[in-house]
Visitor: 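One structure coming up, written as structure tokens, with questions to follow.
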Amino acid sequence: MDKVAAANRINEFLKVVVTHGGLHLKYRIVVDPPALSEWETPEIYVDFSGPDSALLLDRGGELLRALELLAFEILRLASGEHEKISFDCKNQRSLRLKELRMAAGVAAEKVRQTGTPFHFAPMSSRERRMVHLALRDETDLRTESDGEGRDRCVVLYPAEYKSAGGKPERRTLP
């Protein structure tokens, strides 16, 4: 992927969306930004700001994720290359990462206490990856992704857990 050409295509796309969408947003596109976290090192980072930032972050950042997904499609990125581009607004991404790490820790303690599997709420492939990575060093536990499409989630099991024929009962954090 030619990063500069890709950044220019993203810029052209966002200009149209912001202008024709009547959005009061500014954005900054950075090629080869510093690492966002120990697990996220995008090649192109897009940071939004402005009066309509709340629209991007409403409903769990649904519009922000949709714009990012459209950028993947415009650039014809395979799903394995999605980590090369990252869209953010008001540091929402690092806040979400902290939230996922905290949820993983709470779920790990619940599984240790109860000995039963724990299903996280459905999340994007990028967020599922963060949960898997957050729990990878827990030798007494194991994670798996389960479900299809928008219902795909992470399930946390005791390391030696064997399912009795069916799927374990779904339990999620409140």
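All residue numbers refer to positions in the sequence shown, counting from 1. Just so you know, these numbers come straight off a predicted model, no measurement behind them.
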Visitor: Mind checking whether Y161 and R142 have side chains closer than 4.5 Å, heavy atoms only?
Guide: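 Contact flag for Y161/R142 side chains = yes.
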Visitor: Taking all heavy atoms of L135 and all of A108, pick out the closest pair and write down the distance.
Guide: CD2-CB, 4.1 Å
Visitor: Taking all atoms of both residues into account, what is the closest heavy-atom pair of D52 and H24, and its distance?
Guide: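 Shortest heavy-atom separation between D52 and H24 comes out as OD2-N, 2.7 Å.
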Visitor: Starting at OG1 of T19, measure out to CG of L14 and round the result to the nearest 0.5 Å.
Guide: 10.0 Å
Visitor: Is the shortest side-chain heavy-atom distance between R65 and R126 below 4.5 Å?
Guide: no
Visitor: Same cluster or not: I74 versus V46, using hydrophobic residues (I, L, V, M, F, W, Y) connected whenever any side-chain heavy atoms lie under 4.5 Å apart?
Guide: yes
Visitor: For the CG atom of N8 and the NZ atom of K3, what is their distance to the nearest 0.5 Å?
Guide: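 If we round to the nearest 0.5 Å, N8:CG and K3:NZ are 14.0 Å apart.
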Visitor: If you define the side chain from C-beta out and look only at heavy atoms, does anything of L56 sit under 4.5 Å from L67?
Guide: yes
Visitor: Is the closest side-chain heavy-atom distance between L63 and D58 below 4.5 Å?
Guide: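 Sidechains of D58 and L63: no contact.
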Visitor: Please lay out, stage by stage, how E81 and L75 fare under the test side chain to side chain contact (heavy atoms under 4.5 Å, CB included).
Guide: CA-CA 10 Å; E81 295 183 299; L75 298 174; over 6 Å; no
Visitor: I'd like to check L25 versus S53 (side-chain heavy atoms, cut-off strictly below 4.5 Å). Are they in contact?
Guide: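 A side-chain contact exists here, since the closest heavy-atom pair is under 4.5 Å.
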Visitor: Establish whether L69 and F48 are linked, either directly or via other cluster members, by ILVMFWY side-chain heavy-atom contacts under 4.5 Å.
Guide: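 In one cluster with L69: F48, yes.
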Visitor: Name the residue from R96, R152, R93 that meets the salt bridge (charged side-chain N to carboxylate O under 4.0 Å, His left out) definition with E127.
Guide: R96
Visitor: Whether K15 and E12 form a salt bridge (side-chain N of Lys/Arg under 4.0 Å from carboxylate O of Asp/Glu) is what I want to check.
Guide: yes
Visitor: So do the side chains of V30 and D47 get within less than 4.5 Å of each other, counting heavy atoms only?
Guide: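 V30 vs D47: side chains apart.
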Visitor: Report the distance from atom CD1 of I85 to atom CZ of F72, rounding to the nearest 0.5 Å.
Guide: 6.0 Å
Visitor: Can a salt bridge be assigned to the pair R112 and E109 using a cut-off of 4.0 Å between side-chain N and carboxylate O?
Guide: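 Result for this pair is yes, salt bridge flagged.
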Visitor: Run R28 and S49 through side chain to side chain contact (heavy atoms under 4.5 Å, CB included) and show every step you take.
Guide: CA-CA 9 Å; R28 180 175 56 100; S49 62; over 6 Å; no
Visitor: Minimum heavy-atom separation for T114 to T116, with atom names?
Guide: OG1-OG1, 2.9 Å
Visitor: Are any non-hydrogen side-chain atoms of Y27 and I10 less than 4.5 angstrom apart?
Guide: no
